[in-house]
Each structure stands twice: as structure tokens, then as C-alpha cells.
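What follows is a set of notes on a single structure, which appears directly below.
Residue numbers count from 1 along this sequence.
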Amino acid sequence: QVQLVESGGGLVQAGGSLRLSCAVSGIIFRDNAMGWYRQAPGKQRELVATITRGGNTNYADTGKGRFTISRNNAKNTVYLQMNSLKPEDTAVYYCKVIAVGYWGQGTQVTVSS
């Protein structure tokens, strides 16, 4: 059974930082590209960043220069380091095994102004 468990969300002031983690089990993690997505209230879920199995990264414009996606294959975990957070970054953040479409349950990030 594939499981993705996100953690690291919380309440932070604008300009602050958070590091999200997503622990994955039930698949061969190192063989899979991973992604972080987010969904704000009343909005569609959107891509934040992706990382290939080889470590190549891609970012949506909203997070370029502020967010960094990384992975630790020994720990079966993908991370999202978020710096210089803005109130508009407030959302539920989800990780995803891109090829097979498995999602985690999400972690809430709230940025106060």
C-alpha cells in the first residue's frame, strides 16, 4: 500500500520560512519523480515544484527563487524548503508520486501578514 505523509506545515509570519517533508512508503521511491502542489481555499490545486528521480527540479513561477525542492532517497522523503513566505502562499500543501498519481493527505501552511 502506497502512503505519503506530509508534515512541517504551520502558522508563520510573512517573511518567515517553513520546511515541509513528505515521507513515502510502498513504492520504490528512488525510481519516482515527486511533486509538491498546493490548494488555497476556493482555488484549484496547483503545481509548486517537481523533482525527477535524477534530482532535476522544476518550479512554478510563484515559488521560483523562494522555494527549493529536494529529496533524500535513503530516507524515502521529499522536502520543500519555503523562504520569504507571503500571505498568498497560504494553502494546503500536498506531495504526489507523479507517475502513478498517489497523493498525501496534505499539510496546512498559513502565512500571516
Side-chain angles (χ1 to χ4, degrees):
Q1 182 180 359
V2 180
Q3 287 191 318
L4 296 83
V5 180
E6 298 100 334
S7 60
L11 174 63
V12 63
Q13 288 189 331
S17 298
L18 284 173
R19 188 194 195 204
L20 306 184
S21 300
C22 174
V24 183
S25 61
I27 61 166
I28 303 175
F29 177 78
R30 64 179 182 273
D31 288 347
N32 281 274
M34 298 294 300
W36 282 100
Y37 297 74
R38 69 185 186 186
Q39 188 166 17
K43 295 188 176 181
Q44 290 189 331
R45 194 170 296 188
E46 63 178 4
L47 173 70
V48 176
T50 61
I51 185 165
T52 67
R53 61 182 185 176
N56 294 318
T57 58
N58 184 57
Y59 298 91
D61 288 344
T62 52
K64 280 183 180 177
R66 301 188 298 126
F67 295 175
T68 302
I69 188 171
S70 61
R71 64 190 297 157
N72 184 327
N73 289 338
K75 294 185 176 182
N76 288 358
T77 301
V78 60
Y79 304 97
L80 184 69
Q81 177 68 43
M82 304 187 293
N83 299 327
S84 302
L85 283 162
K86 307 174 182 179
E88 51 264 44
D89 294 319
T90 295
V92 179
Y93 284 71
Y94 300 88
C95 64
K96 180 183 180 182
V97 182
I98 293 173
V100 295
Y102 291 114
W103 294 90
Q105 83 290 347
T107 186
Q108 176 70 48
V109 171
T110 303
V111 184
S112 63
S113 57

From CG (N72) to OG1 (T77), nearest 0.5 Å
6.5 Å
d(L80 CG, T68 OG1) to nearest 0.5 Å is 8.0 Å
If hydrophobic clusters are built by linking Ile, Leu, Val, Met, Phe, Trp and Tyr wherever their side-chain heavy atoms come under 4.5 Å apart, do [X] and [Y] end up in the same one?
| X | Y | answer |
| --- | --- | --- |
| V78 | Y94 | no |
| Y93 | W103 | no |
| L47 | L4 | no |
| F67 | V111 | yes |
| V100 | I98 | no |

Taking every non-hydrogen atom, the tightest pair across P87 and S113:
CG-CB, 3.8 Å
Any donor-acceptor pair under 3.5 Å linking the side chain of Y59 with the backbone of I69?
yes
Mark yes or no for whether E6, through its side chain, and Q105, through its backbone, hold a donor-acceptor pair below 3.5 Å.
yes
Going by the rule side chain to side chain donor-acceptor pair (under 3.5 Å), which residues pair with D89 if we only count those two or more places apart in sequence or in a different chain?
R38, R66
Which residues pass the side chain to side chain donor-acceptor pair (under 3.5 Å) test with D61, sequence neighbours left out?
K64
What do you reckon, is CZ of R45 surrounded by more than 12 foreign heavy atoms closer than 6.0 Å?
yes
Which donor-acceptor pairs under 3.5 Å do side chains of residues 8-36 form with protein atoms, sequence neighbours excluded?
residue	atom	partner	partner atom	Å
S17	OG	N83	OD1	2.9
N32	ND2	I28	O	2.9
W36	NE1	Y79	O	3.3

